[in-house]
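The next block holds one structure in the form of structure tokens; read it before the comments.
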Amino acid sequence: MLDKLRRWNKKENNESFTKEAVKSKPIPKHIAIIMDGNGRWASKRALPRVAGHHEGMKVVKKITKLASELGVEVLTLYAFSTENWKRPKQEVEYLMKLPEEFLGTFLPELIEQNVKVQMMGNPEEIPKHTRSAVEKAMEKTKENTGLILNFALNYGSRDEITQAVKYIIKDVQNGKLTEEGISEELLSEYLMTSSLQDPDLLIRTSGEHRLSNFMLWQLAYTEFWFTDVLWPDFSEEELIQAIGEFQMRGRRYGGI
Ligand code: FPP
């Protein structure tokens, strides 16, 4: 109850939104989420950190379903960063098993919801079993026309931009590109998000206010929404609140 009251007090304009209210206004087309706080959620319960990741996986299912129902076009989830390899071996191994478990359990439901699974990140260092699970899901859902569920897996924005610069240099050297042809639009085409629009809304849970090397280029004009709620506690109610507050903001893209 106290938690709820604290959350209520933090709401912009103290307004609480309903699913029906947010559905009646334009829904953000692309929502990106930094799912943070799994470890703290587990520690608070004297559980191993991986228990928090497991609970967090269940939340992914709930939030994907709601996003799909609301008509969100793309949901990008930061599941594993290029920096997360620094974690203890056991935790890394557990995190690398989660996509398999998630897709093994929920793929039929995702297919039923017309969800298309995608991945962005550097696939080379990802264990084969993880990659195959994701690739299989991508293959099975490639014709789906509903929500794109885009997992950022072994993803780092600086790595992505560095790789894009290397590809551009190669294409200049082999004559496919000229220096004059290099523009913001062209650079976007060399990023891992080339087929996606930039996120409209970024959500980060757990009270941290930083980007942690996530979509640095793509978030240039994105609206940010932060919550103290830890990812395993993130509910449909919070997603609706984030969208409701997003709908009240004025986006000017540098204009007036
Ligand atoms: C950050 O919390 C979370 C992660 C590094 C992993 C996120 C992964 C999931 C939520 C599950 C992914 C599910 C699928 C389907 C791939 P943290 O561990 O840094 O938390 P802390 O800051 O409290 O320690």
Side-chain angles (χ1 to χ4, degrees), residues 31-68 74-111 113 115-123 125-127 129-138 140-141 147-157 159 202-215 226-236 238-239:
I31 300 180
I33 308 185
I34 303 177
M35 310 179 287
D36 197 10
N38 294 349
R40 275 163 283 169
W41 182 93
S43 301
K44 271 168 78 176
R45 289 160 179 79
L47 293 169
R49 289 178 55 80
V50 294
H53 296 315
H54 196 261
E55 202 61 25
M57 180 193 73
K58 294 195 226 156
V59 177
V60 169
K61 185 206 161 203
K62 251 185 353 199
I63 294 308
T64 302
K65 185 163 185 269
L66 177 59
S68 161
V74 186
L75 179 64
T76 296
L77 301 177
Y78 206 7
F80 194 91
S81 77
T82 45
E83 287 73 37
N84 286 153
W85 298 105
K86 293 182 210 150
R87 295 186 175 212
K89 191 166 170 264
Q90 258 191 331
E91 184 174 341
V92 169
E93 280 175 4
Y94 190 86
L95 283 168
M96 285 297 156
K97 278 191 195 136
L98 279 184
E100 256 167 299
E101 184 177 344
F102 176 80
L103 295 164
T105 319
F106 301 126
L107 190 59
E109 269 179 66
L110 296 177
I111 291 173
Q113 289 159 26
V115 170
K116 182 175 180 174
V117 177
Q118 286 192 4
M119 190 205 116
M120 67 175 187
N122 186 344
E125 293 136 0
I126 300 175
H129 63 91
T130 316
R131 232 169 44 208
S132 330
V134 179
E135 282 165 2
K136 192 177 124 203
M138 284 167 63
K140 283 203 168 161
T141 61
L147 173 80
I148 295 174
L149 177 59
N150 182 34
F151 285 110
L153 210 54
N154 193 25
Y155 172 85
S157 191
D159 174 59
L202 170 86
I203 296 173
R204 182 168 189 150
T205 58
S206 91
E208 308 293 354
H209 294 183
R210 56 175 173 265
L211 286 180
S212 303
N213 201 12
F214 189 52
M215 303 185 93
F226 298 106
T227 174
D228 289 342
V229 173
L230 304 175
W231 177 252
D233 289 328
F234 193 83
S235 65
E236 285 99 340
E238 267 89 30
L239 181 62

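Atoms within each ligand, like the ligands themselves, are counted from 1 in listed order.
- Nearest non-hydrogen protein atom to atom 11 (C) of ligand 1 is L98 CD1, 3.8 Å.
- Atom 5 (C) of ligand 1 has as its closest protein heavy atom N84 OD1, 3.6 Å.
- Evaluation of the side-chain hydrogen bond (donor to acceptor under 3.5 Å, both in side chains) rule for Y155 yields E160 as partners, not counting sequence neighbours.
- Legend: residues meeting side-chain hydrogen bond (donor to acceptor under 3.5 Å, both in side chains) with E91, ordered by chain and number and at least two apart, are R49, H53, R87.
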Practice prompt. Could you give me the CA-CA distance, side-chain angles and deciding distance for Y78 and D36, then say whether side-chain contact (heavy atoms from CB on, under 4.5 Å) is met?
Written response: CA-CA 9 Å; Y78 206 7; D36 197 10; over 6 Å; no
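- Among protein heavy atoms, the minimum distance from atom 1 (C) of ligand 1 is reached at M35 O, 3.3 Å.
- Against a heavy-atom cut-off of under 4.0 Å, F102 is close to the following atoms of ligand 1: 15 (C).
- Remark: ligand 1 and W231 share no N or O pair separated by less than 3.5 Å (distance only, no angle test).
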Could you walk me through whether T141 and L107 pass side-chain contact (heavy atoms from CB on, under 4.5 Å), step by step?
CA-CA 9 Å; T141 61; L107 190 59; 4.0 Å; yes
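- Shortest contact from atom 14 (C) of ligand 1 to any protein heavy atom: F151 CE2, 4.2 Å.
- Under a 4.0 Å heavy-atom criterion, G37 is in contact with ligand 1.
- Atoms of ligand 1 lying under 4.0 Å from any heavy atom of G39, numbered from 1 in the order shown and given with element: 17 (P), 18 (O), 20 (O), 21 (P), 23 (O), 24 (O).
- For atom 10 (C) of ligand 1, the closest non-hydrogen atom of the protein is N38 ND2, 3.2 Å.
- Between F234 and W231, the ring-plane angle classifies as parallel under the 30° and 60° cut-offs.
- A side-chain donor-acceptor contact under 3.5 Å links R204 to the backbone of R210.
- For the residues R49, E55, R87, R40, the heavy atom positioned nearest atom 19 (O) of ligand 1 is part of R87.
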side-chain hydrogen bond (donor to acceptor under 3.5 Å, both in side chains) between E135 and S132, intermediate numbers included:
CA-CA 5 Å; E135 282 165 2; S132 330; 5.4 Å; no
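- Here the closest non-hydrogen pair linking S206 and L230 is CB-CD2, 3.7 Å.
- Nearest protein neighbour of atom 6 (C) of ligand 1, counting heavy atoms only, is A79 O, 3.4 Å.
- For the pair D36 and ligand 1, the shortest N or O to N or O distance falls below 3.5 Å.
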